[in-house]
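Here is the structure we will look at, set down as structure tokens.
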Amino acid sequence: MFVPFEEMPKSSRIWIYQSDRKLFDEETAEVDKTIKEFVEGWVAHSTPLRASYIIKYNRFVILAVDQEYHPASGCSIDSSVKVIQDLESKFKVDLLDKMNVTYKTGEFIAHKSLIDFKKMAKEKAVNANTIVFNNLVNTIEEFEDFWEVPAAESWHSRFF
């Protein structure tokens, strides 16, 4: 059962999928339609999940489940990953590779492999004040407070 993202409890579990490129507006509209249809019918052991999603910067898909209403199960999480894989295939993007770093350079959002980001840190092309997207956050509350932060305040700090 779909619930607007802003109405989800702060304790809701989230999963963040980042694209290796910015999606075109038409692609984002299709992703939005696909994810909304999925979330509206998302179930765990035949029980509807109280769930939501948002798409940020035409690049991030964030799924949320109110675990207190009914927790997501392994099979329900697998079904969400299948939808993400289908989107990857359809739009020729990578949404599942966790070994990439997305960060801001001014108002522009850049995407680099972890190896390239480490190299950039060593060369001082990025620093501890560079705004990064910490996709390891687990709840909406963490997302709101710790997702878009200076590198010094996330797991990226080990590179500086």
Side-chain angles (χ1 to χ4, degrees), residues 1-104 108-118 131-149 151 154-156 158-159:
M1 111 192 41
F2 173 77
V3 176
F5 195 84
E6 59 278 358
E7 293 176 22
M8 294 289 288
K10 301 290 186 204
S11 61
S12 296
R13 171 79 169 93
I14 63 167
W15 294 266
I16 299 174
Y17 302 98
Q18 70 180 1
S19 176
D20 58 347
R21 68 168 172 83
K22 183 177 180 180
L23 297 169
F24 297 106
D25 289 342
E26 308 80 44
E27 292 172 322
T28 301
E30 275 194 67
V31 168
D32 186 65
K33 181 177 181 254
T34 299
I35 296 292
K36 183 156 191 191
E37 286 173 6
F38 169 74
V39 167
E40 286 173 341
W42 201 3
V43 297
H45 303 292
S46 301
T47 301
L49 294 174
R50 191 167 187 266
S52 192
Y53 72 97
I54 55 171
I55 300 169
K56 298 284 281 183
Y57 302 115
N58 285 34
R59 186 179 285 271
F60 301 91
V61 176
I62 299 101
L63 294 176
V65 170
D66 179 352
Q67 297 275 82
E68 292 175 22
Y69 178 83
H70 189 78
S73 65
C75 291
S76 63
I77 294 167
D78 289 348
S79 68
S80 68
V81 171
K82 171 73 169 93
V83 169
I84 297 297
Q85 289 171 325
D86 291 347
L87 292 171
E88 282 184 318
S89 179
K90 182 173 188 173
F91 298 113
K92 308 290 185 252
V93 294
D94 186 348
L95 292 161
L96 292 167
D97 189 347
K98 303 292 185 195
M99 297 305 291
N100 293 315
V101 176
T102 306
Y103 61 97
K104 282 188 171 179
F108 179 73
I109 296 175
H111 181 87
K112 298 287 182 193
S113 70
L114 189 57
I115 292 168
D116 287 344
F117 188 79
K118 284 169 136 175
I131 301 299
V132 295
F133 295 90
N134 178 9
N135 296 324
L136 299 180
V137 295
N138 290 307
T139 65
I140 290 177
E141 182 174 35
E142 289 177 3
F143 173 76
E144 291 173 348
D145 295 338
F146 304 111
W147 179 57
E148 200 171 325
V149 294
S154 84
W155 65 268
H156 303 84
R158 65 179 171 227
F159 303 129

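For the atom pair Tyr103 OH and His156 NE2, the distance stands at 11.0 Å (nearest 0.5 Å). Between the CZ atom in Phe133 and the OG1 atom in Thr102 there is a gap of 7.0 Å [rounded to 0.5 Å]. Between the CZ atom of Phe38 and the OG atom of Ser80 there is a distance of 5.0 Å, given to the nearest 0.5 Å. Distance check: Ile35 CD1 to Glu30 CD gives 12.0 Å after rounding to the nearest 0.5 Å. Atom-to-atom distance recorded for Leu63:CG and Ile14:CD1 is 9.5 Å, nearest 0.5 angstrom. Distance check, rounded to the nearest 0.5 Å: OG of Ser79 to CD1 of Ile84 gives 10.5 Å.
At least one donor-acceptor pair closer than 3.5 Å links the side chain of Asp20 to the backbone N or O of Asp94. Judged by distance alone, the side chain of Trp42 and the main-chain N or O of Ser76 form a donor-acceptor pair under 3.5 Å. With hydrogens and angles disregarded, no donor-acceptor distance shorter than 3.5 Å links the side chain of Gln18 to the backbone of Arg59. The closest donor-acceptor contact from the side chain of Glu7 to the backbone of Pro4 lies at 3.5 Å or more, if one exists at all.
By the 30° and 60° cut-offs, the orientation of the rings of Trp147 relative to Phe60 is perpendicular.
Every residue two or more places apart in sequence or in another chain that forms a salt bridge (Lys or Arg N to Asp or Glu O under 4.0 Å) with Glu37 is listed here: Lys33. The side chain to side chain donor-acceptor pair (under 3.5 Å) search around Glu68 returns Ser11, not counting sequence neighbours. With sequence neighbours excluded, no residue satisfies salt bridge (Lys or Arg N to Asp or Glu O under 4.0 Å) with Glu142.
Crowding of Lys104 atom NZ: a count of heavy atoms from other residues, nucleotides or ligands under 6.0 Å exceeding 12. By the neighbour-count criterion of 12 heavy atoms within 6.0 Å, atom NZ of Lys10 is sparsely surrounded, having that number or fewer from other residues, nucleotides or ligands. Within a 6.0 Å sphere centred on CD1 of Ile115, heavy atoms belonging to other residues, nucleotides or ligands number 12 at most.
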side-chain contact (heavy atoms from CB on, under 4.5 Å) assessment of Lys22 paired with Ile109: CA-CA 8 Å; Lys22 183 177 180 180; Ile109 296 175; over 6 Å; no

Steps toward side-chain contact (heavy atoms from CB on, under 4.5 Å) verdict (Asn58, Asp25): CA-CA 7 Å; Asn58 285 34; Asp25 289 342; 2.9 Å; yes

Please list, one pair per line, the donor and acceptor atoms closer than 3.5 Å that link side chains of residues 49-57 to other protein atoms, with sequence neighbours excluded.
from	atom 1	to	atom 2	distance (Å)
Arg50	NH1	Asp66	OD2	3.1
Ser52	OG	Val3	O	2.6
Ser52	OG	Phe5	N	3.0
Tyr53	OH	Asp32	O	3.3
Tyr53	OH	Asp32	OD1	2.7
Tyr57	OH	Glu148	OE1	2.9
Tyr57	OH	Glu148	OE2	2.9

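A pairwise comparison of heavy atoms in Val137 and Phe146 identifies CG1-O, 3.8 Å as the closest pair. In terms of heavy atoms, Ser19 sits closest to His111 at O-ND1, 3.7 Å. Among all heavy-atom pairs drawn from Ser12 and Met8, the shortest one is OG-CE, 3.5 Å. Across every non-hydrogen atom of Val65 and Ala72, the tightest pair is CG1-N, 4.2 Å.
Counting only heavy atoms from C-beta outward, the side chains of Val132 and Phe117 approach each other to under 4.5 Å. Tyr17 is not listed as a side-chain neighbour of Val93, based on a closest heavy-atom distance of 4.5 Å or more. Here the side chains of Asn135 and Lys98 are not in contact, with every heavy-atom distance at 4.5 Å or above.
Applying the ring pair (Phe, Tyr, Trp, His ring centres under 6.0 Å) test to pairs two or more places apart or on separate chains, none has a residue in residues 61-94. Sorted by first and then second residue, the salt bridge (charged side-chain N to carboxylate O under 4.0 Å, His left out) pairs with a member in residues 73-89 read Lys82-Asp86; sequence neighbours excluded.
A side chain to side chain contact (heavy atoms under 4.5 Å, CB included) with Trp15 is found for exactly one of Asn138, Ile77, Ile62, namely Ile77.
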